[in-house]
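Labels below follow one simple rule: chain letters A, B, ... track the order of the sequence lines, proteins then strands, and each chain is numbered from 1. As the structure is a computational prediction, the values presented were derived from the model and not from experiment.
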Amino acid sequence: MKKINNADNFIRKIIDKDNESGKWGGRVHTRFPPEPNGYLHIGHAKSICLNFGLAIEYDGKCNLRFDDTNPLKEESEYVRSIIEDVSWLGFEWGNEPLYASDYFGQMHDFAVKLIQAGNAYVCDLDPDQVKLQRGTLKKPGINSPYRNRSIDENIDLFAKMRSGEFANGEKTLRAKIDMAHSNLNMRDPVMYRILHATHHRTGDDWCIYPMYDWAHGLEDSLEKITHSICTLEFEDHRPLYDWYLDQLETYHPQQIEFARLNLNYTVVSKRKLKRLVDDGFVEGWDDPRMPTISGLRRRGYTPESIRNFSEGVGVTKRDTVVDVAKLENSLRDDLNKRSPRVMAVLDPLKVVITNYPDNELEYVDAINNPEDESAGKRKLAFSKEIYIERNDFLEEPPKKFFRLSPGKEVRLKFAYYITCNEAIKDEKGKLIELRCTYDADTKGGRSEDGRKVRGTLHWVSVKENIKAEIRLYDRLFNNEHPEKNGDFIENINEESLKVIDNAVLERSLHLGASDLPYQFERTGYFKIDSKNSTPDKLVFNRAVSLRDSWARFNKKVG
RNA sequence: UGGGGCGUAGUAUAAUGGCAGUACACCUGGUUUUGGUCCAGGCAGUUGGGGUUCGAAUCCCUGCGCCCCAGCCA
């Protein structure tokens, strides 16, 4: 894969400086360390693109490493989905992914080393007591009564913890640092807790599991990571990693913190996303309205669009909220260049061309992608009866309405000019059919006399078409900041999904073969739904609509 | 004076002592067989105050505001 970008950011500057000073001997080795306890989302995508992108850019390496230190929350299904998502985004990590659990033995030995140096102790306090003794933000904590056990006793007790002689929570191994430290992370943090639980990879080999703060720095150290990039909230933990690594006198990566991605009209927290799934507000983790990578994929987002977006939002230490329109724009931008254009009528209105031969079926040439000549052309069936979009006709058109209305002429794209003569309604007054005439001299959609026709409509032949279900997705929340004041559930957009079951598409969509979403002319980008679509019944998801300045104009006018 | 971090157009980001630039959003106009794309133009910014300097978004002082931290979660 080629280098994605060029804009400067503070992390590149640090790396450039390091390379200049020779700090890491020119090495750049990053890592993406997800906990396999949920599905990846757009926020993770930013981190993935950053870490893997830097490795590509500097001809370095990036490890995919699962931070699986809590058997209570982690499952191999999440491992599977994470691998799938990172690969789909287009990144490689060479050989097999890595696991924190592969280092459990080494971490244990490091812990023993710390005990032997008098820098860790086994503590019998229960969680409530620990909490009480930790002090507060402004008040120092107090020492555990077990803080001064002898090294031999600690060694013995820790061995017993490891061999399963104690129940869950009965004892912990704690670092002996400073209970009065102004940074709470330094107040004798727990290194190991007892958890008689089956781990997704190590099974029942262990009943003590390392805490994140103890494990994470060691993982980075063991893998000889140079730049350990993480989010802002770990800034306070850095002194603790530094302390551990200094005590152990071992390889010491450099941690760099950046601000995580926030998007408006979106929630990006595993807990909240889980609630949307569990309480049935969406179909699942890969619901096309979800900001998960699997949801975006199913919606029709491309890896390229997500990578471009990630680069585009930049990397800083500021806590910010990016406009989701920027994400949408990155998709349009990508798809505009690559997406095959097709005819699809979402809300069909029949048009009878009264002066067209009854049984004729002819084919007109259609351009597949005006942005890419190499995409070529295809044939489109045209006949006496066609469908157009219901909202492309208005009996009493407002000013600047360029579409069909009585007496007006429009172009059927790639086909002919037609003029509307009559609108037929049923007994209830509902419009059911249009009677039009066509100009046989305008085949292909142009006329010799150069007459101006502002309106161009998409259409599908009644004689030759296929039916499909279309799912129109909109933003899941109608509040810019769904998490601010109150329950975010209150801000769910009830109209985030509209299902259309009677759309008609040109027949070339029969197999729905394109990997990329299609552009339905004048409507938007649509992708075959990977879950619900069958050869008998095609289902398309709208990834994103086309920009629509007419709709915008109307909104403004009211 | 608990500790840590952050303040540049509406939003997100460049500019590291030398003309405050870019993208998205928004608004005009042009082109157009997609009211798409594209093109041209426009709107709009350095958190307040003070200081250093020929010159400050940038350096110094001092306010103000916002975010994170008291899991045997990560």
Side-chain angles (χ1 to χ4, degrees), chain A residues 7-9 13 33-35 37 67-70 72-74 123 125-127 130-132 134-141 168-174 180-187 189-195 208-209 211-213 215-216 230-239 257 259 261 264 270 309 312-330 332-333 336-337 341 366-367 370-371 400-403 411-415 417 442 444-446 453-458 519-524 545-554 556:
Chain A
D8 236 344
N9 67 47
K13 282 176 191 163
E35 181 188 17
N37 71 341
D67 215 328
D68 53 352
T69 56
N70 185 349
L72 268 20
K73 294 187 174 176
E74 295 146 8
C123 181
L125 257 26
D126 68 32
V130 169
K131 185 174 179 167
L132 244 36
R134 183 154 31 227
T136 69
L137 294 179
K138 298 188 180 183
K139 282 189 204 144
N168 286 355
E170 203 177 324
K171 289 185 165 41
T172 56
L173 181 72
R174 294 226 258 164
H181 202 110
S182 55
N183 179 344
L184 269 55
N185 295 125
M186 302 297 274
R187 319 241 262 228
V190 172
M191 295 163 61
Y192 275 96
R193 76 283 214 186
I194 298 171
L195 244 35
I208 55 170
Y209 289 92
M211 295 291 291
Y212 175 86
D213 281 343
H216 200 83
C230 66
T231 45
L232 255 25
E233 68 270 26
F234 293 106
E235 208 144 17
D236 279 348
H237 298 240
R238 176 154 38 91
E257 306 86 5
L261 174 71
N264 60 12
K270 278 183 192 169
F309 169 75
V313 299
V315 183
T316 64
K317 300 186 74 141
R318 294 179 219 157
D319 209 5
T320 57
V321 181
V322 174
D323 191 343
V324 72
K326 189 150 186 149
L327 214 211
E328 295 168 346
N329 182 69
S330 73
R332 288 196 189 98
D333 190 48
N336 173 54
K337 295 179 207 122
R341 268 98 269 216
I367 294 165
E371 303 296 313
K400 294 196 171 183
F401 183 81
F402 304 139
R403 282 110 102 141
R411 168 172 32 242
L412 293 175
K413 189 162 185 168
F414 303 132
Y417 290 179
T442 58
R446 75 182 69 77
V453 174
R454 277 302 298 266
T456 300
L457 273 42
H458 60 281
Q519 186 197 97
F520 289 2
E521 294 261 8
R522 302 208 303 137
T523 309
S545 63
L546 244 32
R547 248 192 216 91
D548 188 348
S549 54
W550 171 241
R552 223 182 300 158
F553 173 78
N554 275 322
K556 212 170 47 179

**Q** Atom NZ of Lys139(A) to atom C1' of G3(B): distance rounded to whole Å?
**A** 17 Å

**Q** Indicate whether Phe553(A) forms a stack on G35(B); treat it as stacked only if centroid distance is below 5.5 angstrom and interplanar angle below 30 degrees.
**A** no

**Q** Measure CG/Leu72(A) against P/A74(B) and give the value in whole Å, please.
**A** 10 Å

**Q** Any strand is fair game: report the nucleotide pairing with U37(B) by Watson-Crick or G-U wobble, both distances under 3.5 Å, or none.
**A** none

**Q** So which nucleotide does A25(B) pair with, by the Watson-Crick or G-U wobble rule with both distances under 3.5 Å?
**A** none

**Q** Starting the side chain at C-beta, find the nucleotide from U34(B), A74(B), G4(B) nearest to Gln519(A).
**A** U34(B)

**Q** Could you check how far CG of Leu232(A) sits from P of C67(B), rounded to whole Å?
**A** 13 Å

**Q** By the 4.0 Å heavy-atom rule, please label Glu233(A) as base, sugar-phosphate, or nothing.
**A** sugar-phosphate

**Q** Of the options C72(B), A14(B), G2(B), whose atoms approach the side-chain atoms of Met211(A) most closely?
**A** C72(B)

**Q** Take the angle between the ring planes of His237(A) and Phe234(A) and call it parallel below 30°, perpendicular above 60°, tilted in between.
**A** perpendicular

**Q** To the nearest Å, give me how far apart CZ (Phe309(A)) and P (U11(B)) are.
**A** 16 Å

**Q** So which nucleotide from U32(B), U34(B), C72(B) ends up closest to the side chain of Arg454(A)?
**A** U32(B)

**Q** Measuring only the P atom in each nucleotide, how far is C19(B) from C67(B)? A whole number of Å is fine.
**A** 35 Å

**Q** Check the phosphate of C73(B) against Arg193(A), side-chain N and O only, distance under 4.0 Å to OP1 or OP2. Yes or no?
**A** yes

**Q** Can you tell me if the side-chain N/O atoms of Lys317(A) get under 4.0 Å from OP1 or OP2 in A12(B)?
**A** no

**Q** Classify the nucleic acid contact of Glu257(A) as base, sugar-phosphate or nothing, counting any heavy atom under 4.0 Å across all strands shown.
**A** nothing

**Q** Counting only Watson-Crick or G-U wobble pairs whose two distances fall under 3.5 Å, which nucleotide matches G45(B)?
**A** none

**Q** Does the structure place the NZ or CZ of Arg411(A) under 6.0 Å from the centre of the six-membered ring of Tyr417(A), at an angle of no more than 45° from the ring's axis?
**A** no

**Q** Is it the case that the side chain of Thr231(A) and the backbone of Glu233(A) share a donor-acceptor pair, with hydrogens and angles ignored and the cut-off at 3.5 Å?
**A** no

**Q** Report the nucleotide, chosen from G35(B), U16(B), G36(B), that has the shortest atom-to-atom distance to any side-chain atom of Pro370(A).
**A** G36(B)

**Q** Which whole-number value in Å describes the distance from Lys131(A) NZ to A70(B) P?
**A** 9 Å

**Q** What's the closest nucleotide to the Glu35(A) side chain, out of C73(B), G36(B), G3(B)?
**A** C73(B)

**Q** Among all residues two or more places apart in sequence or in another chain, which pass the ring pair (Phe, Tyr, Trp, His ring centres under 6.0 Å) test with His458(A)?
**A** none

**Q** Please state whether the phosphate of C73(B), meaning OP1 or OP2, lies under 4.0 angstrom from any side-chain nitrogen or oxygen of Thr69(A).
**A** no

**Q** Within less than 4.0 Å of OP1 or OP2 of C6(B), is there a side-chain N or O belonging to Thr316(A)?
**A** no

**Q** Please report, rounded to the nearest Å, how far the C1' atom of G5(B) is from the CG atom of Leu137(A).
**A** 15 Å

**Q** Any base atoms under 4.0 Å from His237(A), or only sugar-phosphate, or nothing? Heavy atoms, all strands.
**A** base

**Q** Would you indicate what Val453(A) reaches in the nucleic acid, counting non-hydrogen atoms under 4.0 angstrom: base, sugar-phosphate, or nothing?
**A** nothing

**Q** Mind listing the closest non-hydrogen atom pair of Lys139(A) and Arg187(A) along with its distance?
**A** O-NH2, 2.8 Å

**Q** Would you mind pulling out the nucleotide paired to C66(B), Watson-Crick or G-U wobble, both distances under 3.5 Å?
**A** G5(B)

**Q** Would you mind pulling out the nucleotide paired to A14(B), Watson-Crick or G-U wobble, both distances under 3.5 Å?
**A** none

**Q** With the side chain of Val190(A) defined as its heavy atoms from C-beta on, choose the nearest nucleotide among U34(B), G5(B), C72(B).
**A** C72(B)

**Q** May I ask you to check whether Asn329(A) and Arg547(A) show a side-chain donor-acceptor distance below 3.5 Å?
**A** yes

**Q** Under 4.0 angstrom, heavy atoms only, what part of the nucleic acid is Thr320(A) near: base, sugar-phosphate, or nothing?
**A** sugar-phosphate

**Q** For nucleotides 22-30 of chain B, just jot down a letter per nucleotide in 5' to 3' order: B, S or -, based on protein non-hydrogen atoms under 4.0 Å.
**A** -BSSSSS--

**Q** Classify the nucleic acid contact of Phe234(A) as base, sugar-phosphate or nothing, counting any heavy atom under 4.0 Å across all strands shown.
**A** base

**Q** Round to a whole Å and report the spacing from CZ of Arg134(A) to C1' of G2(B).
**A** 15 Å

**Q** Looking at Glu521(A) and Lys413(A), is there a salt bridge between them, counting it only when a charged N and a carboxylate O are closer than 4.0 Å?
**A** yes

**Q** Under 3.5 Å, side chain of Asp323(A) to main-chain N/O of Lys326(A), donor-acceptor pair present?
**A** no

**Q** Taking the side chain of Asp319(A) as heavy atoms from C-beta outward, which of C69(B), C67(B), A74(B) is closest to it?
**A** C67(B)

**Q** With the side chain counted from C-beta on, respond yes when Asn37(A) and Lys270(A) share a heavy-atom pair under 4.5 Å apart, and no when they do not.
**A** yes

**Q** Looking across every strand, which nucleic acid part, if any, lies under 4.0 Å from Leu125(A) by heavy atom: base, sugar-phosphate, or nothing?
**A** base

**Q** Considering just the side-chain nitrogens and oxygens of Arg522(A), establish if one lies under 4.0 Å of OP1 or OP2 belonging to G35(B).
**A** yes

**Q** Does Glu257(A) reach the side chain of Arg238(A), with side-chain heavy atoms less than 4.5 Å apart?
**A** yes

**Q** If you check every side-chain atom of Arg318(A), which of A74(B), C72(B), G7(B) has the closest atom?
**A** G7(B)

**Q** At 4.0 Å (heavy atoms only), tell me whether Glu521(A) reaches a base, stays on the sugar-phosphate, or touches nothing.
**A** base

**Q** As a test of the definition: with a 90° window around 0 for syn, would you call G71(B) syn or anti?
**A** syn

**Q** Could you state the NZ-C1' distance from Lys138(A) to U1(B), rounded to the nearest angstrom?
**A** 10 Å

**Q** Do Asp67(A) side-chain atoms and Pro34(A) backbone N/O form a donor-acceptor pair below 3.5 Å?
**A** no

**Q** Would you classify Thr136(A) as touching base, sugar-phosphate or nothing, given that sugar-phosphate means primed atoms plus P, OP1 and OP2, and contacts are heavy atoms under 4.0 Å?
**A** base

**Q** With a 3.5 Å limit on both atom pairs, tell me what U58(B) is paired to, counting Watson-Crick and G-U wobble, or say none.
**A** none

**Q** Can you identify which nucleotide, out of G35(B), C72(B), G36(B), has its nearest atom closest to the Thr172(A) side chain?
**A** C72(B)

**Q** Roughly how many Å apart are U58(B) and G17(B), using the C1' atom of each and rounding to a whole number?
**A** 7 Å

